[in-house]
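Small disclaimer: the values here were computed from a predicted structure and weren't measured. So that the names make sense, note that chain A is the first sequence line, chain B the second, and so on, each numbered from 1.
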There are 2 protein chains.
Amino acid sequence: MIRRPTLAVVAEAAGVSLKTASRVLNGEPNVAAATRERVQDAATSLGFRRNAVAADLARGGFSRLVGFITGDLANQFYSALASGIERELREHGLQLLTASSDEDPAREGSLTGELLERRVGALIVTPAGADHSALQAEIAAGLTVVAVDRPAAGMDVDTVVIDNRGGTRAAVDHLLARGHRRIAFVGDEPHLWTYQERSTEFLATMRDAGVPDAERLHRSGAHSVAAARDLVVELFAAPDPPTAVLAANNRVTVGTLQALRDAPGGDDVAVVGFDDFELADLLGITVVAYDAVEMGRRAAELAVARSADPARPVELVVLPTRVVARGSGERPPR
Amino acid sequence: MIRRPTLAVVAEAAGVSLKTASRVLNGEPNVAAATRERVQDAATSLGFRRNAVAADLARGGFSRLVGFITGDLANQFYSALASGIERELREHGLQLLTASSDEDPAREGSLTGELLERRVGALIVTPAGADHSALQAEIAAGLTVVAVDRPAAGMDVDTVVIDNRGGTRAAVDHLLARGHRRIAFVGDEPHLWTYQERSTEFLATMRDAGVPDAERLHRSGAHSVAAARDLVVELFAAPDPPTAVLAANNRVTVGTLQALRDAPGGDDVAVVGFDDFELADLLGITVVAYDAVEMGRRAAELAVARSADPARPVELVVLPTRVVARGSGERPPR
DNA sequence: CTGTTAGCGCTTTCAA
DNA sequence: TTGAAAGCGCTAACAG
């Protein structure tokens, strides 16, 4: 492997000291124009490329990298986050280091370790585990941590989430306004924070509307499309079935649609799904939508802000949601 | 910001030399068990965390980072690639640095530069631009480059692609076998390599089947869902319309479905789409599918292999595709 | 089995 | 406006 020219080589070629070359290549002021030009020429002709590894080491402290630890990069939602994060970081000359935890808390821990070894200046996390005590120590040592999509249990860090409660309430109101009373709620695993928010608000909204016994049509545990489908099939096999379904996330929505497609009269059931998805438009599915890319961008923004000013107050950003009516949610009760 | 303990501090606390501490913490052999334990204890009690930045610099050459430059991380397909890459890299103790080019060649260039400054050991690229001459010099300097999804024009590097031609032929044969002759092809921008492969093979397969004038129903330029929809509407407004459509990628497939939904008799038209997508199953769309995560994994594998042995012959990996019949592609011609 | 001595390529005082 | 010298925290010979 061919050696790359170092700053020293460039300096020598330009007939200046190492420091002067450094000044020029970093765009620092106080260099004579002629000198500047000489250095620049030498650098380009030698094919010089600064070594960011060495630069970060010499500067001490943190590297110009930011880590993002997430459940599964292949997941539409997380990759939208990553995209927003990366874009914002780039504006600030930072680079993004991504790592997938597969939603496994143990793995989340080891990934955190690896990123810390790389001396990331900030860590953006979609917290999977419940115990982040290890991170606490790091925060004390000056590490910036930002939680995105859900809060980090027991940690007082900057956080970006969407308005889960408001979105849920809007969705339920949307259905109530069209005359539905027997509205089913189908949610993911109960230990998930987003589930809890949505579930709680569903029940509260129903109660506020004076609908008794909303729990009867309230289900959880639909972590996969298949599980959601089964749950919905079951709901419609029972007496006094729902006339509308609020699917608490996009996987549940798909499962619900599968179940309704095969059920007699399934076409008449109103459906509102939480989370937008690519073909919801084509399928005419009414959803509670929000901007995941923006969510990532805001998280990165917070990370940058805190790195710059560690003393600033901890911030909680709540992004809005909106109901996008596409047909499925506007059907009247049978 | 609190200072982190360095190796020297750990060594001192354990009463050994710096090098011995280094040996223990890197799991190198030839250390007495007692010493090992002493060092390990000191490290944990001090909360030591090795500095990968310093380690990489000391080792010289490349860092243990691999860069991935891609069109748009928010895109389902690219994020699947990223996911596969990241997983494979982790197996080898490497970390992934991602960057989105927005399919802009200029941006691709500057991102390349930034990653090179970080001294990435390899660069995995979905080449957007046509001119990679800058990269050529880097390859000569020992950089490993792997192209994924499409070849890098004019560069002789390891490459992972899918069998675009085989997939196209299989799709066309699938339709021909059901009696279709008036088969339309709707493709993306003609300058895209994948378009060219699919387009060419479509025409060749039609010719081989003895279908004259296949060009009549052959269209390109559908870079967005809307453009695809318009193109399909147009095809069906003309006399002697197709009885089947081969949509050359998933965006085109969606546009095609939108157009057919609104067209009289659109339900009878057979549709096969290139690229699988999340709800194809629910919608009953027959597609040419392949494994994007695996594609990423293979690319990372090649990157690792070449870094280990720069002299190995350049490899071209062609991943298989398969037709997944779900209904839309099995309709007979009217 | 363990330690000593040089750097890696850059930034950063502090002088000149 | 420019330069000299001292590290950043670690690895890598090479000795003992």
Side-chain angles (χ1 to χ4, degrees), chain A residues 1-39 42-43 46-64 93 116-121 141-142, chain B residues 1-40 42-43 46-65 93 116-121 141-142:
Chain A
M1 174 200 143
I2 294 163
R3 278 200 97 56
R4 261 171 210 296
T6 68
L7 201 49
V9 174
V10 174
E12 172 157 21
V16 299
S17 81
L18 201 159
K19 176 58 196 167
T20 301
S22 165
R23 283 205 184 86
V24 173
L25 268 5
N26 286 321
E28 284 171 33
N30 296 335
V31 179
T35 316
R36 183 175 295 278
E37 190 159 342
R38 218 143 26 90
V39 172
L46 287 169
F48 172 76
R49 202 143 240 161
R50 74 196 293 267
N51 185 331
V53 177
D56 279 346
L57 178 60
R59 200 179 304 114
F62 298 121
S63 65
R64 299 194 63 74
L116 289 176
E117 290 186 357
R118 195 58 65 188
R119 291 300 186 269
V120 291
Chain B
M1 175 199 142
I2 295 162
R3 276 199 98 54
R4 260 171 210 297
T6 68
L7 202 48
V9 174
V10 174
E12 173 157 20
V16 299
S17 81
L18 201 161
K19 179 59 194 166
T20 300
S22 163
R23 283 205 184 87
V24 173
L25 268 7
N26 286 320
E28 283 171 35
N30 295 336
V31 180
T35 315
R36 182 174 296 276
E37 190 160 341
R38 215 143 27 89
V39 173
Q40 232 127 30
L46 288 169
F48 172 76
R49 204 142 238 163
R50 73 197 293 269
N51 185 329
V53 177
D56 279 347
L57 178 60
R59 202 179 304 111
F62 298 120
S63 65
R64 298 193 63 75
L65 297 171
L116 290 176
E117 289 186 357
R118 196 57 65 187
R119 291 300 185 268
V120 292

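- The only option from B/L46, B/V16, B/L18 that meets the side-chain contact (heavy atoms from CB on, under 4.5 Å) definition with B/V10 turns out to be B/L46.
- Contact annotation for B/V16: backbone-only contact, meaning every heavy-atom pair under 4.0 Å involves sugar-phosphate atoms and none involves a base.
- Comparing the helix axis at one end of the helix from C/dC1-D/dG16 to C/dA16-D/dT1 with that at the other, each defined from 5 consecutive pairs, gives an inter-axis angle of 30° (nearest 10°).
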Per-pair distances, 0.1 Å, donor-acceptor, side chain in residues 24-36 of chain A, under 3.5 Å, sequence neighbours excluded:
unit_1	atom_1	unit_2	atom_2	d
A/N26	ND2	A/S22	O	3.2
A/N26	ND2	A/S22	OG	3.4
A/R36	NH2	A/E28	O	2.9

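- Partners of A/A58 under the side chain to side chain contact (heavy atoms under 4.5 Å, CB included) rule, at least two apart in sequence or in another chain, do not exist in this structure.
- The side chain of B/S17 places no N or O atom within less than 4.0 Å of a non-bridging phosphate oxygen (OP1 or OP2) of C/dT2.
- With sequence neighbours left out, the side-chain hydrogen bond (donor to acceptor under 3.5 Å, both in side chains) criterion links B/N51 to no other residue.
- Listed by first and then second residue, the side-chain hydrogen bond (donor to acceptor under 3.5 Å, both in side chains) pairs involving residues 9-21 of chain B are B/S17-B/T20 (not counting sequence neighbours).
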Each nucleotide in nucleotides 8-16 of chain C should get exactly one letter: B, S or -. Can you fill that in based on protein heavy atoms under 4.0 Å? BBBBB----
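- Using a distance-only test at 3.5 Å, with no hydrogens or angles considered, no donor-acceptor pair links the side chain of A/R119 to the main chain of A/S63.
- Bounding nucleotides for the chain B contact on DNA chain D, 5' to 3', at a heavy-atom distance below 4.0 Å, are D/dG9 to D/dA13.
- In terms of the side chain to side chain contact (heavy atoms under 4.5 Å, CB included) criterion, residue partners of B/A55 (sequence neighbours excluded) are, by chain and number, B/R50, B/R59.
- Between atom CD of residue A/E117 and atom CZ of residue B/F48 there is a gap of 8.0 Å, rounded to the nearest 0.5 Å.
- Shown here are the side-chain hydrogen bond (donor to acceptor under 3.5 Å, both in side chains) partners of A/R49, two or more places apart in sequence or in another chain: B/E138.
- Ion pairing between a basic and an acidic side chain is recognised when a charged N comes within 4.0 Å of a carboxylate O; A/D56 and A/R118 show no such pairing.
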